[in-house]
Asks: 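Supplied in structure tokens, the structure appears directly below.
Quick note on labels: first sequence line is chain A, next is B, and so on, each numbered from 1. Small disclaimer: the values here were computed from a predicted structure and weren't measured.
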2 protein chains.
Amino acid sequence: MERIEKYRSKGLKLTPQRLAILEYLDGNTSHPTAEDIYRAVKKKHPTISFATVYNTLQALLEMGEVMELTIDPERKHFDPNTTPHHHIVCTRCGKIGDVFVDYSSALELPPEVTEEFTPISNHIDFYGVCKKCNKTKRRTK
Amino acid sequence: MERIEKYRSKGLKLTPQRLAILEYLDGNTSHPTAEDIYRAVKKKHPTISFATVYNTLQALLEMGEVMELTIDPERKHFDPNTTPHHHIVCTRCGKIGDVFVDYSSALELPPEVTEEFTPISNHIDFYGVCKKCNKTKRRTK
DNA sequence: TCCAACTTTTGAATAATTCTAATTCAAGAA
DNA sequence: TTCTTGAATTAGAATTATTCAAAAGTTGGA
């Protein structure tokens with residue numbers, strides 16, 4: 001997600017807006033939504049539009065430079081780390097953490113499934129409570 | 001998902017519309033969207049509204065009688081089978097299959113994750129290609 | 001430096017889902 | 001069986017996330 005050469009060579013035109021988005025995403029492990037990105041980039045480029053964020057994300061998706069996460073039923077999250085990994089979500093605050101373990105060898109599918117589907121990959125959503133929320137009193141109701 | 005007594009005893013008022021939704025969901029393994037349910041129930045209750053489908057789904061969610069699936073980035077799918085299980089999605093047609101295997105014991109989390117999160121549960125999305133799509137020629141672009 | 005092709009922008013358009021207010025109804029009480 | 005009331009249904013408006021369209025502005029190779 002760093003060297004800008006990589007993007008130009010893949011035919012991506014590098015505008016200031018895109019550079020700002022790339023910079024924001026580089027090494028970012030916060031799993032931002034489109035809105036998170038929009039708000040962050042807006043600080044340096046107050047005129048940037050949502051469409052530009054979505055356009056750029058679309059381009060990066062097609063280049064395989066970001067992944068779309070479907071963990072959150074309300075909105076898409078994006079992950080610039082495209083090496084295969086899993087996620088853990090705090091069920092109280094929604095914080096998303098990374099899990100860099102390859103469980104594939106342990107995930108054998110039963111015959112009734114492999115008869116119907118040829119498996120290709122997998123992704124695990126772990127659910128739990130983060131440290132901060134564990135300290136906080138659970139809201140009563 | 002069957003005995004209607006269960007619902008009444010939990011304070012759910014049983015209207016004809018709700019009974020039709022319950023009947024449609026009972027034993028349904030197609031992982032329908034709200035629209036799938038709306039269209040199906042509409043056959044018997046032509047005046048049913050989307051709001052009723054969403055209301056009922058909300059009530060069933062709160063009762064723990066259906067699960068919301070986030071596999072599809074475009075829309076929510078619902079599963080009346082609330083016993084813990086996983087899913088496999090056809091990356092070509094979107095068909096969703098069930099995987100009734102408990103992999104929990106194989107899904108140990110590394111310390112850097114358990115330091116930050118107290119894990120509670122997990123759900124695996126498997127991705128693959130279904131039998132039907134495997135037969136079909138892949139569309140060339 | 002020039003210019004075609006690609007981007008950005010604004011605002012409108014979609015699509016999924018939620019909300020609102022008025023009307024209707026389920027089901028326990030009488 | 002009828003009454004009563006809180007809950008459910010409905011139509012349609014409202015919201016929210018995301019996409020699209022057209023005009024204006026830029027990038028980067030020639």
Asks: Take A:D36 and A:T33 through the test side chain to side chain donor-acceptor pair (under 3.5 Å) and record every step on the way to the result.
Replies: CA-CA 5 Å; A:D36 293 333; A:T33 62; 3.2 Å; yes

Asks: Any chance you could list the contact pattern along nucleotides 12-30 of chain C? Use B for base contacts, S for sugar-phosphate-only contacts and - for none, protein heavy atoms under 4.0 Å, 5' to 3'.
Replies: ----SSBB------BS---

Asks: With B:D102, which residues qualify under salt bridge (charged side-chain N to carboxylate O under 4.0 Å, His left out), at least two apart?
Replies: none

Asks: Go through DNA chain D in 5' to 3' direction and return only the first and the last nucleotide with some atom under 4.0 Å of chain A's heavy atoms.
Replies: D:dA17 to D:dG28

Asks: Are A:F78 and A:L69 close enough, and set up right, to give a side-chain contact (heavy atoms from CB on, under 4.5 Å), and what steps lead you there?
Replies: CA-CA 6 Å; A:F78 297 89; A:L69 305 185; over 6 Å; no

Asks: I'd like to know whether A:T56 forms a side-chain contact (heavy atoms from CB on, under 4.5 Å) with A:T15, so could you lay out the CA-CA distance, the side-chain angles of the two residues, the decisive distance to 0.1 Å, and finally the verdict.
Replies: CA-CA 10 Å; A:T56 303; A:T15 64; over 6 Å; no

Asks: Using the C1' atoms of five pairs at each end, what's the angle between the two axes of the helix from C:dT1-D:dA30 to C:dA30-D:dT1, to 10 degrees?
Replies: 30°

Asks: Look only at the side chain of A:T70 and the backbone of B:T70, and say whether a donor-acceptor pair between them is shorter than 3.5 Å.
Replies: yes

Asks: Could you label the plane-to-plane angle of the B:H87 and B:H123 rings as parallel, tilted or perpendicular, counting under 30° as parallel and over 60° as perpendicular?
Replies: tilted

Asks: I'd like to check the salt bridge (charged side-chain N to carboxylate O under 4.0 Å, His left out) partners of A:R75; sequence neighbours left out, ordered by chain and number.
Replies: A:D72

Asks: In residues 108-120 of chain B, what donor-acceptor pairs under 3.5 Å come from side-chain atoms, sequence neighbours left out?
Replies:
unit_1	atom_1	unit_2	atom_2	d
B:T114	OG1	B:P111	O	3.2
B:E116	OE1	A:K95	NZ	3.2
B:T118	OG1	A:N134	ND2	2.9

Asks: The test is side chain to side chain donor-acceptor pair (under 3.5 Å); show your working for A:H31 and A:D98 and say whether it passes.
Replies: CA-CA 9 Å; A:H31 310 87; A:D98 291 304; 2.8 Å; yes

Asks: Which is it for A:H85 and A:D79 under the side chain to side chain donor-acceptor pair (under 3.5 Å) test, yes or no, and what are the steps along the way?
Replies: CA-CA 11 Å; A:H85 63 286; A:D79 193 338; 3.0 Å; yes

